[in-house]
Chemist: 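Take this structure first; my questions come after.
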There are 2 protein chains.
Amino acid sequence: MSRQRPPLTRREKVEVREQAILDAARDVFIEQGYDGARMAEIAHKAGIAEGTIYLYYRTKTVLMRAVVGAFWIRLTADAEAAVRPHDCPFEALQALARFHLQAVIERFDVIGLSQALPAKLDEPTALRGELRSYVSVFDQIFQRGRDRGLIRPNAALWMARDVFYGSLEYSARTLMQRGETYDADVVDNLVRLIRAHYAPGTVSPQAGPPDPADAPSLLIDRLEAVVTRLEQL
Amino acid sequence: MSRQRPPLTRREKVEVREQAILDAARDVFIEQGYDGARMAEIAHKAGIAEGTIYLYYRTKTVLMRAVVGAFWIRLTADAEAAVRPHDCPFEALQALARFHLQAVIERFDVIGLSQALPAKLDEPTALRGELRSYVSVFDQIFQRGRDRGLIRPNAALWMARDVFYGSLEYSARTLMQRGETYDADVVDNLVRLIRAHYAPGTVSPQAGPPDPADAPSLLIDRLEAVVTRLEQL
DNA sequence: TTCCGAGATGATTATGGCTCATAATCAGCA
DNA sequence: TGCTGATTATGAGCCATAATCATCTCGGAA
């Protein structure tokens, strides 16, 4: 519709080409898998010659890493959007769990590629950043819950995170194997599970019941310790 | 030491060769990954010609499937052995969790290959049986717990299973990324988590109104959490 | 108009999975 | 113990495809 001739600078042209390659590569990788995808087909779909790809991405593996990285960045934005409306941490957790389970099932192929990828690259730093960003959406919710006193303060955040993402990923796999799709019960079960274990006051059944008589003196001890720490900042 | 000439029948010779190929393939696949592994090297290590491999395994993918399948069968036997001594279901669960986390960390490479594999095979039946057997070690323990009334009778077994294996697998990944190894706390945390949620009678604190008596303690919990975050800045 | 060089091209090379014509081996038999 | 047909092993070569590189294109500066 824009009648005006697009004044493409050199830099812009490069970016357009780069995006075209990325788009074509995404389609072909998803459809054919890593090994099945042929660079010739990607080049053809992007409307360039085969050799040109290598001016933008040194190898096939690097190209797929770029595709998968872009995917995670997009997914992170979507997850944040899904979580934003919820103020209550547990509602946010529920929303994130729903989003993640849905995403893993829908985009199973791409996510599968992500896991196969790191082994291929020499630098173990591959994808780390993107994955870390995605996963930290959970961390922020968990932190908020802790600040509001809805979660035990001594809970190890990373363990909770592992349970959350690990369970959902595994559930997605088994759901798909069984030929089923998204299952709300899985999400509910997981959120209740985490809630039960990380709720404050709920003394974990491992340690013995605290002696009520100790309560006031213990509280004062802890209070003094915290004040001391504050003073030292 | 056996002076006697081993009377190898044709069938026995075939089995020996098959095992030699499997062993060589396992080593090379682990060392080089699927794509990095060259059939020529596997053949060389097995002491046979390249073409001979194809008399035993039709393709490279089929060969790796055999390697991975044998691995899971062995792992299942080991897991059962680790669990056997424990009569109490929760002790058994703890033992299984320890074993699994250890195994996933030690054999991360092979297990990673397993996940990359199914996508490569046309038949979706690939590996299903072996994985199902391995995973059912958990199921048996959970069932026993239910029979003895230690676990809510209405609990969905497969969801518990997903949480168990999913959490451990994901934990193993993050532990390794962090350069750490086996961590007993992860196992303890998970077992307590499952115990808290699946114990009978324990109504999950869905929306438990906070007991006013807990207020001071909760306040300090929150204070400690905030200070901890402040310190980490 | 000529010239330049960054950028694009695709024929060519290198690699590795897989095939197949041929050779080696073996059990059964006289 | 030699003969024989069937079974099993071999590795040079085929082919698909990732990656390379000599060559070409073309916008813009002189």
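This one's a predicted model, so the numbers in the text were calculated from it and none came from an experiment. Convention: sequence-line order gives letters A, B, ...; per-chain numbering from 1.
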Chemist: Find the distance B/M39:CE to C/dG16:C1' and express it as a whole number of Å.
Modeler: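 Interatomic distance, CE of B/M39 to C1' of C/dG16: 10 Å.
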Chemist: Tell me which nucleotide among C/dT9, D/dA19, D/dA9 gets nearest to the side chain of A/A49.
Modeler: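 Within the option list, the nearest is C/dT9.
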Chemist: In whole angstrom, what separates A/R38's CZ from D/dC15's P?
Modeler: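 Rounding to the nearest Å, CZ of A/R38 and P of D/dC15 are 17 Å apart.
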Chemist: Is the cationic atom of A/R195 (NZ for Lys, CZ for Arg) positioned less than 6.0 Å from the six-membered ring centroid of A/F90 and within 45 degrees of its normal?
Modeler: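 Ring-cation test returns yes.
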Chemist: Quick one: label A/L55 by what it contacts on the DNA or RNA (base, sugar-phosphate, nothing), any heavy atom closer than 4.0 Å.
Modeler: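 Base: the residue A/L55, judged by heavy atoms under 4.0 Å, touches a nucleobase.
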Chemist: What is the distance from CD1 of B/I53 to P of C/dG17, rounded to the nearest Å?
Modeler: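 Atom CD1 in B/I53 sits about 9 Å away from atom P in C/dG17.
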Chemist: Just to confirm, is there a sub-4.0 Å distance from OP1 or OP2 of D/dT10 to any side-chain nitrogen or oxygen of B/Y54?
Modeler: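 No.
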Chemist: From D/dA18, C/dG17, C/dT9, pick the nucleotide closest to the side chain of A/I48?
Modeler: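 The closest nucleotide is C/dT9.
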Chemist: Take atom NE2 of A/H44 and atom P of D/dT17, then tell me their distance rounded to the nearest Å.
Modeler: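 Atom NE2 in A/H44 sits about 15 Å away from atom P in D/dT17.
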Chemist: Looking at every strand, decide which applies to B/A43 at a 4.0 Å heavy-atom threshold: base, sugar-phosphate, or nothing.
Modeler: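 If one applies the 4.0 Å heavy-atom cut-off, B/A43 turns out to touch nothing in the nucleic acid.
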Chemist: I want to check a possible cation-pi pair here: B/R178 against A/W158, using under 6.0 Å from ring centre and within 45° of the ring axis as the test.
Modeler: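 Yes - B/R178 lies over the ring of A/W158, closer than 6.0 Å to its centre and within 45° of its axis.
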Chemist: Any base atoms under 4.0 Å from B/Y57, or only sugar-phosphate, or nothing? Heavy atoms, all strands.
Modeler: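 It contacts nothing in the nucleic acid.
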Chemist: Would you tell me whether B/D139 and B/Q143 have side-chain atoms, one donor and one acceptor, within less than 3.5 Å of each other?
Modeler: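 Result is no, nothing qualifies.
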Chemist: Between C/dA8, D/dA19, C/dG17, which nucleotide has the shortest distance from any of its atoms to the side chain of A/K60?
Modeler: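 Nucleotide nearest to A/K60's side chain: D/dA19.
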Chemist: Looking only at side chains, do B/T174 and A/D162 share a donor and an acceptor under 3.5 Å apart?
Modeler: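 Present: a donor and an acceptor within the cut-off.
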Chemist: Does OP1 or OP2 of D/dT20 have a side-chain N or O of A/R58 closer than 4.0 Å?
Modeler: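 For D/dT20, neither OP1 nor OP2 has a side-chain N or O of A/R58 closer than 4.0 Å.
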Chemist: For the pair made of CD1 in B/I21 and P in D/dT8, what is the distance, rounded to whole Å?
Modeler: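 Going from B/I21 (CD1) to D/dT8 (P), I get 13 Å.
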Chemist: Identify which nucleotide among D/dA19, D/dA9, C/dA8 has an atom closest to any side-chain atom of B/Y56, counting heavy atoms from C-beta outward.
Modeler: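 Side chain of B/Y56 sits closest to D/dA9.
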Chemist: From C-beta outward on B/T52, which listed nucleotide comes closest to its side chain: D/dT10, C/dA8, D/dT8?
Modeler: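 Comparing D/dT10, C/dA8, D/dT8 against the side chain of B/T52, the answer is D/dT10.
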Chemist: Checking B/K45 against B/D27 for the salt bridge (Lys or Arg N to Asp or Glu O under 4.0 Å) test, could you report, in this order, the C-alpha distance in whole Å, the side-chain angles of both residues, the deciding distance, and whether it holds?
Modeler: CA-CA 9 Å; B/K45 278 209 177 181; B/D27 292 349; 5.1 Å; no
Chemist: Could you state the CG-P distance from A/D35 to C/dG16, rounded to the nearest angstrom?
Modeler: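 The answer, rounded to whole Å, is 14 Å.
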Chemist: Rounded off to whole Å, could you give me the CD-to-C1' distance for the B/E50 and D/dG13 pair?
Modeler: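 For the pair B/E50 CD and D/dG13 C1', the rounded distance is 11 Å.
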Chemist: Rounded to the nearest angstrom, tell me the gap between atom CD1 in A/I42 and atom P in D/dT17.
Modeler: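 My rounded result for the distance is 12 Å.
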